[in-house]
Amino acid sequence: MIVEVILIVTSIKLLFMPLYRSTDFEVHRNWLAVTHNLSIDQWYHDTTSEWTLDYPPFFAWLELGLSYVGKIFDPEMVKIENLNYASEVTVLFQRLSVIALDTVYLYGTYRCARYVSHGNLLVYIILITNPGLIMVDHIHFQYNGFLFGVLFVSISNILSNNWIYAAFWFAVLLNLKHIFLYMAPVYVVYLLRAYCFTLSSEDGVHTPWYSFSVGNLAKLAATVIFVFSLSFGPFIDQLPQVFSRLFPFKRGLSHAYWAPNFWAFYNFADKILQFLFIKFGIPVAVEEASMTGGLVKEYQHAVLPTITPTVTFVLTAASMVPALVKLWHLGADRRYRSLSFFRCLTLCSTCAFLFGWHVHEKAILMILVPLSYLSVLGKMDARFYMFMSMVGHYSLFPLLYPKNLLQIKMFLLLAHLCIVFYYVPRLYEPKIKMSKKRSFLLLPKLGALQTLYVYGLICLCVYENILHPFLGLDKTLPFLPLMLTSVYCALGVFFFWIRMYKYFLYYHLSKVPTLTRTTKPLRSVKKHT
Amino acid sequence: MTKRADPDKFTVSKYVLLPGLCLALLVRCCVAAYPYSGHRKPPMFGDFEAQRHWQEVTLHTPARDWYRNTTHNDLQYWGLDYPPLSAYHSLLLGLLADWLEPESVRLFASRGYESDSHKSFMRWSVLLSDVYFYFTAALCLCIDLERVVPAAERSVFKRTDLATGLCLLYPGLVLVDHGHFQYNCVSLGLFLWATFFIVAIEKDVMATALFVLALNYKQMELYHALAFFIYLLRKCFMSTSNKGRKAHILRRFVKLAFTVVGTFVIVWYPLLHSWDGVLQILHRLFPVKRGVFEDKVANVWCSANVFIKLKYVYNNEEMVQTCLLSTLVACLPSCLDFFFRINRKKFILCLVNVSLAFFLFSYQVHEKSILLVAVPVTLYLPEDPFMSFWFLLVSTFSMLPLLLKDGLLVPFLCCSLIYVSFYSLALHLSERGTGVLSFLSAHTVYSVANIQKHNRVVLKLFSTLFFFSLQGMFWLGLGSLLVAPPPQYPDLFPLLISVYSCLHFVWFLAYFTYSQLQLPTCLPLQPKLKKN
């Protein structure tokens with residue numbers, strides 16, 4: 001069954017080949033050329049293209065490897081001066097490389113799904129049909145599937161208590177793409193608590209300091225240092241240059257399209273205040289705050305104080321701390337700690353997403369992908385995912401702006417939602433009476449407030465795609481729909497974050513029903529893409 | 001209006017229904033992103049331009065001039081050659097296009113008009129027509145399929161969700177309508193609705209009316225006409241009592257005749273102004289001059305043409321007569337059997353046989369006409385999954401040269417892969433622990449489908465044939481992609497594909513005719529026993 005589903009999903013990915021692709025396509029083509037032609041000490045110095053190499057070294061090595069294959073397809077593609085080169089064969093090769101590297105994701109998720117006793121097939125299908133990943137990787141063009149694959153390999157090692165391997169793969173992941181640094185605190189806390197303390201207490205509060213194992217810590221540290229030295233070793237004499245490429249703080253607080261996070265509210269409030277101030281004649285520093293600028297522009301707020309990177313980091317760290325402390329305590333229990341690990345991973349990604357500096361909307365995948373794995377592990381988590389699968393994926397829609405992609409985005413999302421909304425509730429209530437349990441117009445498993453929110457989302461979708469152009473507003477206010485989407489989705493993400501945080505902090509092990517699994521594993525969860 | 005057998009016992013399995021529908025829609029949208037036929041190929045472009053041109057013509061000229069060569073309507077440039085309903089559909093779309101993007105339907109000025117927004121508009125129009133006509137009909141037929149199945153004959157292929165998926169994901173129709181660009185879904189949807197009214201709820205008048213509408217959308221629906229005609233005629237002669245039998249027969253016959261004539265008159269009324277006009281339209285619809293086949297078609301004449309140049313043996317008139325005669329001979333067994341040993345279950349088989357005979361032997365066949373056979377076969381798939389699946393694969397493959405010309409290779413491969421995977425998934429859901437490649441084995445498929453029709457030797461033979469047939473398709477496909485044909489035979493691979501598919505179709509005609517003859521007689525008006 002898995003094979004058939006994989007085949008169907010892969011065929012869909014293949015069908016996406018000629019569709020719109022973003023500038024990321026050129027970015028990766030340029031990296032192929034840069035790594036192929038220059039010696040490694042030039043990799044992070046080259047400025048032929050504006051799309052300079054800003055991923056860590058392992059990814060650059062991967063590009064180097066790919067460039068040798070690409071050369072067979074079309075030698076022109078690996079020439080640095082061929083900017084914006086996109087012959088048909090180049091497109092074919094690049095698209096196929098994403099699809100081929102996705103096997104890592106298929107493998108990683110398979111390894112993780114094996115550990116689920118109830119609904120393992122379902123979780124696998126939910127993971128590999130994730131519309132966000134498919135849209136970002138196979139239409140927009142990126143290699144997230146591969147990266148998440150490595151993440152899942154690492155996580156599967158955590159689930160099977162192979163701590164060193166878990167640390168190793170996570171370190172590798174960090175050296176492939178450094179955005180996963182946001183997940184690092186969770187790894188640190190969890191590995192320290194679960195691996196470096198050899199004893200586990202039952203009450204989940206007390207920390208047995210006496211059982212601290214220096215040897216284990218040394219092993220972990222050695223693994224991580226080994227990986228990092230392997231990665232950054234060759235670049236040792238140009239570290240400042242590499243880091244300036246990896247962490248470009250000049251890019252501004254928000255991206256061109258605001259990611260649906262806390263700063264979207266902040267920017268929105270600034271806009272409103274600016275508008276009001278001008279209306280009531282209070283002088284403000286109007287320098288036509290441009291939020292459309294895009295690439296490398298620092299955004300000055302008109303009324304509210306301008307945010308510096310330090311502020312965002314303090315906020316992010318502060319918001320993560322309670323969850324990490326809770327994880328430290330929950331990490332005591334052997335049976336359920338990997339579940340807590342997953343929850344904390346999701347939460348910390350959400351914190352980073354909400355308060356981080358220059359967060360891209362694609363980063364929402366870092367919430368959605370772990371959360372989709374959680375959806376089969378607990379009733380509340382399932383509800384969170386059902387809610388977020390709509391909000392999160394919808395917030396990715398503006399990424400693929402061409403109008404002719406609308407129906408593809410919609411049906412991709414709908415197919416996924418059909419699977420989630422049909423099968424996930426059945427996992428927890430095998431004998432569901434749909435007609436009796438659900439009142440009129442209320443979506444399954446969602447409260448009244450959430451349902452109302454989702455209807456709002458539908459209205460927003462209709463407004464953006466039909467009413468807004470129809471009223472002719474797309475000429476005068478072209479960015480209004482984007483702003484509305486981002487603020488409205490930010491509302492949803494914020495709501496989810498608070499609910500999930502509360503759930504996690506109040507989660508107590510005594511509340512977990514000690515199930516003796518008499519029910520046989522549900523193998524035949526019927527479905528396909 | 002709906003006659004439900006037993007409303008209490010009637011549940012539809014919908015495990016994969018919604019995801020399947022979304023998948024079918026998604027596949028259509030993805031295929032629509034590929035180029036259409038004649039994309040950027042002046043001066044004549046392709047079917048896309050034909051449809052756009054018809055919108056332009058129907059919008060700007062009065063109805064009586066649609067089929068006539070006038071100063072505003074140049075029939076040499078994609079003149080209208082489908083019946084009036086098609087033209088009305090074009091007019092409707094033309095009005096919409098005129099409102100949304102007037103440039104695209106300017107008289108004369110818009111020839112060869114291509115823009116992204118217009119392409120989206122046209123693609124959306126196919127998608128919506130498809131959903132409105134074809135999806136609904138397929139869904140209704142599949143729900144009915146599960147309703148009438150007695151418990152003993154239940155199988156995965158008769159489950160609504162899987163049957164719908166297999167019906168809607170059929171690659172041929174998706175590729176031709178959404179890739180190549182045509183509106184086959186409308187006429188085939190109407191035809192399916194007509195079939196639904198016969199198979200499911202026995203409303204003969206509705207069925208007649210809908211079929212006449214389908215016929216008035218595309219004259220190719222004549223392929224199915226014989227089966228409908230025989231069924232309806234035979235039903236006229238059935239009555240419960242002997243008293244007043246003749247009056248009864250006459251009343252039924254007159255009712256149906258009125259329906260046919262009435263529908264025709266309504267559809268043709270705006271165009272009726274003189275007999276000449278009607279003849280002119282008929283002349284447009286059935287162009288005898290265009291030769292026995294175009295391009296390379298997987299039918300008997302094209303294959304025979306390899307050995308005997310038919311052009312030199314017969315002239316056009318003789319050819320028409322030969323075609324007519326051979327077609328009649330080919331569909332005679334099926335028709336006679338259907339008339340004298342009527343059984344409602346035979347209806348779909350009769351449709352398959354008659355349309356296949358027409359495809360193989362009739363005059364002026366187009367390679368896309370295989371869809372008219374394939375759609376009844378998708379309906380027959382739950383009854384005989386192995387053979388129908390094989391047929392559907394071959395029918396898609398037979399259109400490969402056409403699809404290659406349009407640059408639809410990737411969609412062809414992907415849609416076929418999706419279809420095979422979905423079929424394999426259906427086998428898997430029967431929970432018999434079937435493997436990925438079990439669809440290759442006739443024995444597994446028939447045991448999953450709960451059918452004991454053939455003995456093991458025959459099944460082995462079928463499996464072997466199927467395997468080698470797939471091999472042949474694979475190598476032929478690969479050859480036509482990679483091997484350059486010798487300069488004196490530029491059409492070598494299309495021809496080989498046609499002959500190869502033709503051999504298959506002859507074999508399928510024999511097989512399906514045999515299956516039909518195997519079914520027993522069963523009068524439809526006998527009170528049916530409810531077995532569940």
Any chance you could measure A:Phe411, atom CZ, to B:Cys29, atom SG, to the nearest 0.5 Å? 5.0 Å

Among the listed options A:Leu19, A:Asn404, A:Leu414, A:Ile408, the residue most often paired with chain B at heavy-atom distances under 4.5 Å: A:Ile408

I need the B:Phe439 CZ to A:Glu4 CD distance, nearest 0.5 Å. 9.5 Å

For residues 410-420 of chain B, dump all side-chain donor-acceptor pairs below 3.5 Å to protein atoms at least two apart in sequence or in another chain.
{"from": "B:Ser416", "atom 1": "OG", "to": "B:Phe412", "atom 2": "O", "distance (Å)": "2.7"}
{"from": "B:Tyr419", "atom 1": "OH", "to": "B:Leu166", "atom 2": "O", "distance (Å)": "3.1"}

According to side-chain contact (heavy atoms from CB on, under 4.5 Å), who are the partners of A:Ala382, at least two apart in sequence or on a separate chain? A:Val424, A:Tyr428

Looking at CG of B:Leu26 and CD1 of A:Ile8, how far apart are the two atoms once the value is rounded to the nearest 0.5 Å? 11.0 Å

Should we say atom CD of A:Glu88 is surrounded by more than 12 heavy atoms from elsewhere, each under 6.0 Å from it? no

Side-chain donor/acceptor of B:Tyr34 to backbone N/O of A:Leu15, under 3.5 Å: yes

Short side-chain to backbone donor-acceptor contact, B:Tyr15 and A:Tyr423, under 3.5 Å: no

Using only non-hydrogen atoms and a strict under-4.5 angstrom cutoff, which residues of residues 116-134 of chain B touch chain A? B:Ser120, B:Trp124, B:Leu127

The interface call for A:Tyr20 against chain B, heavy-atom contacts under 4.5 Å, is neither

SG/B:Cys30 to NZ/A:Lys13 distance, rounded to the nearest 0.5 angstrom? 13.0 Å

For atom NZ of A:Lys403, decide whether the heavy atoms of other residues, nucleotides or ligands shown that lie under 6.0 angstrom number more than 12. no

Of all heavy-atom pairs between B:His428 and A:Met1, which one has the smallest distance, and what is that distance? CE1-N, 3.1 Å

So CG of B:Leu23 and CD1 of A:Ile419: to nearest 0.5 Å the spacing works out to 9.0 Å

Not counting sequence neighbours, list each pair that qualifies as a salt bridge (charged side-chain N to carboxylate O under 4.0 Å, His left out) and has a residue in residues 405-422 of chain B. B:Asp295-B:Lys405

